[in-house]
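Shown next, in structure tokens, is the structure this report addresses.
Values below: all heavy atoms of this structure, side chains included; hydrogens, waters and symmetry mates excluded.
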Amino acid sequence: MPPDKVPVKAQDIKATNTLPVLASPCLLDPGLGRIDLDLPCGMSLAEIVASVLPGLGISADAAGNLPLRVVLVNEQGAMPVEQRNWQFVRPRPGVRVLIRALPGKSAIRTILMIVVTIAAVALGQLWAVPIAGALGISAAVVSAGLTLGLSALGNLLVNALVPPTSANPGDQSGAGGNEVKQSYTITGWKNRLSPDGAVPVALGKHRYAPPFGAISYTEIVGDIQYVRALFLFGYGPLKLSEFKLGTTDLDEYDEIEIETREGLSGDAPLTLYPKQVIEEAVGSDLTRPLPRNDAGTVVSGPANEKPVTRYTAANSTGASVIISFPGGLFHYNSNGKLQSLSVSVRIRYRALQSGDDWTTVTTLNVSAGKREAFYRQHSWEFPKRGRYEVEVTRLTNERTNDREQDRTVFLVLQSLRPEYPLNFDRPLALAALRIKATYQLNNSLDNFSALVSRVCLDWDKAGGSWISRETSNPAALYRFVLQSPANPYPVADSGIDLGFLQDWHEFCAAKGLKFNFVLDRDLTLFEVLQLIAAAGRATPRHDGVKWSVVIDRPQDMVVDHISPRNSDGFKWTRTYLDPPDAFRVPFFDETNEFEPAERVVPWPGFSGEINLTEEIELPGKTNPDEIWIEARRRMYEIIHRPNRYSALQDGAVRVATRGDLIMGSLDVLEKSQVAAHVKRVEGNLIVLDEEIQMEEGADYAVRFRTGICEEDTIGTSSLRSVVFESEPGCVIRVDGGGVLPKAGDIVHFGKASQESKPLIVRGIEAGQDFTSHITFVDAAPEIDALTDAEEPPTWSGVIGSELDDQLSIPARPRFTAIRTGVAGTGSANGLDVLLVPGSGSSATIGRFEIDHRLSGTSPWTSVDVTAAEGGGAISGYEVGDRVQLRARALTPNGLPGPYNAIFSITIGETDAGIPRGLGNGSGVVGGKAHAKVTIVTQNDENVVAVVIYRLASAGVLDREAHVIGTHGVSRSSTLEVIDGDATGEDGALLPAGSYDYYLEPKNEDDVAGPVSGPYTAVIT
């Protein structure tokens, strides 16, 4: 996350010559449209309001007051300023100005109208749409209303103390959007090139395919191609381990070097990628075509020069050209022997648009006798920095001989700069690779990943201090983000409630709550804090001085009481939901190399087939068991917090804040509850200003606050049992000894354990005339009890169910070829079988079982061959044996299909017979510079050819070394063959000497008969 991508400033207050101003003009959501800026000191509050909210469009009341509250905050506290004094108050340096829109009593009706309109649209009432337009509700809000009305996730957004979060900025519905939720989502790990993008911030532990830190480039050493790449893991410090390309460990690759930096202050520069190399893929063929006529025939004349020109990057100090020979470089001579071939390529350059003459760099004369692709690279320096034209020209004329291969390609132009490729003033975690691409990489290097683990200050409970180590605890990561180098305004320790974070850290550790996530897109600081806090069952909180969180957990301390005696405008809303069968939770599975997975978590008590599901995101959760537990917790929140309450209270400052436990006496919900003022106390008798009546057989109690003083504004919520009285009255008697209320106190009376309703403050909004609009949800401690009792089923990661094996039986295979003997196998006793899967079944074939036996005997003998082999050789039989064959296919797990029909064959039945020896009259007669060979065949249909061998007299016959020719013959025929020069003139063809000749008949299977000879001939 680069500095300019964090628009929310840190909230610590510093004495400067400017005033930090925070304005929340949106009535319904204070975080929406928030304005955060610095203004010069010396301005009055009236000038500040006019500057921050020009053209506000908010109507003043009858007294001319705007529905705004302005509060001055510093480290000593907060002070609201009435509007009549705005023009006289000029805040001093070190003071923060907070401006809030007020939903006062007069605005409540409008707010409720908007809620009613959204609900009506959700129900499909057409009259609501024009009203929505009149109220300024956008189509997006109406759509959101529809979502809230119909989904479990919408219920959480309304009633949850910790609303669900999304990895998408601005998307709190959990429904996603058009953006990719996380760039390291994988169909295979993929690295991306994102110039000027956000610098990643890895939190917790995760497998991550980092973006490129610079453009990868090619390096040619001899005939071998290497790739150099630089990867950016983000702000350090990070522990990097378990490097992979795709799913394969880096150690499995040949000739690979890796260099890493953890992102520590003082890290040395990388040496595997020390300079800037800007690589442009050219891919243009270098040609020098011969002149041709209209018919395409080569004609006389010079070849056509076809230079290819490209431009370097600006400020280049040098360049490098890579030439490719994709088909190799070679030619075959007339005897078919591979020989080398040469191609000449000229390289020139000149300053771009200078009109200067070309400067020749070199002429490459490349020679090779290679049939495989290879490369050549040439680098050089320019006389000065600049941008240059580079021209590459083939100087070798086009070759038209089809026995020659010399295709030449201008593959790549690299622009070189000596500067280090990274220019960033904060420590970064990096990795540089140099890997041999030849025979290893089919495409570019873009599937590199590693396991990254955040190192930061982590609370050590045993040692009682914060220590630097690897951690996934949300509390530690919350502090890290506030003080991270990614935050341009890091928060000092004095701006964080470290004591509360320590408590939260221990809570997360006890509950097994973790956050494993990589931030690699633009998110505001508050959005990041929301993601982290939600993973720890909390929401961010800033009290104007320090950062902390509000944790959703059972509480013992009652902070305040609320009743009709100290509030008005009470509202109660209940959401009725037909829940889905299950939640679907997509996540990255840490138990399976952080591969994408999805866990389906059934609704509590649901059994049967799951048909209706709803997707919920749990960003940062990577453990399958934690996924189950946190998804179930969300379900329990929906079940046990169906209600939302709101009320108005007088007073600019409230004792209770968001997340606090309060006790409510709400007679509209429980008729037995009564809130009354104490008129006086006499012994154990309490006189109230409200008449009460008790039911026979029920126990009753009274709750009140005690111990409130200037030093303790919260006091204690005390509970006393009440003695039953059958007659109605205004006097109650408490049982036993203990504290008692004072005259003027408010008490909550009702049935024991029902005298008050435990509530959690969900939010407090400033209202007009120094009122507060407070919303509550049920405390529901049973949510945590049920969550703690959850035992996740064993996770397998397998999605879907296996089909019945009987539905996937392989079909009968089919023989495609059965070959025997010399004709079919090259061996007289050979038997080869080829087969393919049958049709009519979609089952996957793992192997074939081929059974064979002598005809009429049993049992069968089996041979297994894999489906990939498609057949094999069967041994143990001889020429003339009658063999029976059958086969069946089996799935990879061994499920067999039916056998095909039995097939019979005789070994060698198609072989030709062995030819008989040659007939009388066969022989050799020597002469001058030649010999006449006479071949006479018998009446034998098996002879089709005769091989002639010649060697020095008395030598040993070597068929491969001494063969001089093979000649086709027919039965009962005579053939004369001249060896040497029949004219007797060229003695070099057959030098004078004594030679032995042998004659060998062959049949059509190339099987030889008896050899005739030697026939000795003397050549003169």
Side-chain angles (χ1 to χ4, degrees), residues 1-6 167 169 180-186 189-216 229-244 258-270 273 420-433 446-458 468-472 476-488 490 515-525 527-529 531-532 588 594 619-620 622:
M1 189 184 306
D4 60 345
K5 302 301 182 183
V6 188
V180 176
K181 294 182 179 178
Q182 287 179 244
S183 64
Y184 51 90
T185 302
I186 44 179
W189 296 104
K190 291 293 181 184
N191 310 106
R192 71 193 191 285
L193 183 63
S194 181
D196 300 321
V199 175
V201 179
L203 301 172
K205 179 178 287 188
H206 213 292
R207 177 159 291 280
Y208 182 49
F212 290 101
I215 300 173
S216 301
L230 175 62
F231 298 97
L232 172 63
F233 285 96
Y235 291 95
L238 292 174
K239 291 292 185 184
L240 307 177
S241 61
E242 298 184 24
F243 302 101
K244 292 178 181 288
I258 183 169
E259 188 178 20
T260 62
R261 298 289 182 267
E262 293 185 356
L264 301 172
S265 178
D267 276 348
L270 294 165
Y273 202 124
Y420 192 59
L422 297 171
N423 183 23
F424 201 72
D425 61 353
R426 304 181 192 186
L428 295 174
L430 305 165
L433 268 68
D446 62 354
N447 59 348
F448 172 70
S449 69
L451 195 64
V452 299
S453 182
R454 169 58 58 193
V455 177
C456 64
L457 290 175
D458 189 51
S468 181
R469 63 185 176 188
E470 296 178 59
T471 181
S472 294
L477 300 175
Y478 189 88
R479 178 182 181 180
F480 169 77
V481 167
L482 287 171
Q483 300 182 319
S484 166
N487 187 348
F515 185 74
N516 299 312
F517 197 85
V518 180
L519 304 168
D520 59 357
R521 292 180 296 106
D522 298 346
L523 294 176
T524 66
L525 176 62
E527 286 170 337
V528 175
L529 294 178
L531 288 175
I532 299 172
F588 293 94
F594 292 90
T622 57

Any chance you could measure [X], atom [atom1], to [Y], atom [atom2], to the nearest 0.5 Å?
X: R454; Y: Y235; atom1: CZ; atom2: OH; result: 10.5 Å
X: L238; Y: L264; atom1: CG; atom2: CG; result: 9.5 Å
X: L523; Y: D520; atom1: CG; atom2: CG; result: 9.0 Å
X: K244; Y: F448; atom1: NZ; atom2: CZ; result: 11.5 Å

Looking at every non-hydrogen atom in both residues, tell me the closest pair between [X] and [Y] and how far apart they are.
X: P269; Y: E259; answer: O-OE2, 4.3 Å
X: R207; Y: S449; answer: NH1-OG, 3.0 Å
X: I532; Y: F515; answer: CG1-CE2, 3.6 Å
X: L193; Y: I215; answer: CD2-CG1, 4.0 Å
X: A476; Y: L457; answer: CB-O, 3.4 Å
X: S472; Y: N516; answer: OG-OD1, 2.7 Å

Listed by chain and number, what are the salt bridge (charged side-chain N to carboxylate O under 4.0 Å, His left out) partners of E470, not counting sequence neighbours? none

Contacts of F480 that satisfy ring pair (Phe, Tyr, Trp, His ring centres under 6.0 Å) - sequence neighbours left out: none

Contacts of Y273 that satisfy ring pair (Phe, Tyr, Trp, His ring centres under 6.0 Å) - sequence neighbours left out: Y217

side-chain contact (heavy atoms from CB on, under 4.5 Å) assessment of F424 paired with L232: CA-CA 12 Å; F424 201 72; L232 172 63; over 6 Å; no

[X] versus [Y]: any side-chain heavy-atom pair under 4.5 Å?
X: K205; Y: V452; value: no
X: L270; Y: Y420; value: yes
X: L531; Y: L203; value: no
X: L230; Y: P421; value: yes
X: P210; Y: P200; value: no
X: V481; Y: L525; value: yes
X: F594; Y: L451; value: yes
X: F231; Y: Y208; value: no

If you apply the rule side-chain contact (heavy atoms from CB on, under 4.5 Å), what do you find for T260 with F243, and how did you get there? CA-CA 11 Å; T260 62; F243 302 101; 3.6 Å; yes

Which class fits the ring pair F588 and H206: parallel under 30°, tilted 30 to 60°, perpendicular over 60°? perpendicular

Check whether any side-chain N or O of R261 sits under 3.5 Å from a backbone N or O of G236 as a donor-acceptor pair, and report yes or no. no

Is there a donor-acceptor pair under 3.5 Å between the side chain of N191 and the backbone N or O of N447? yes

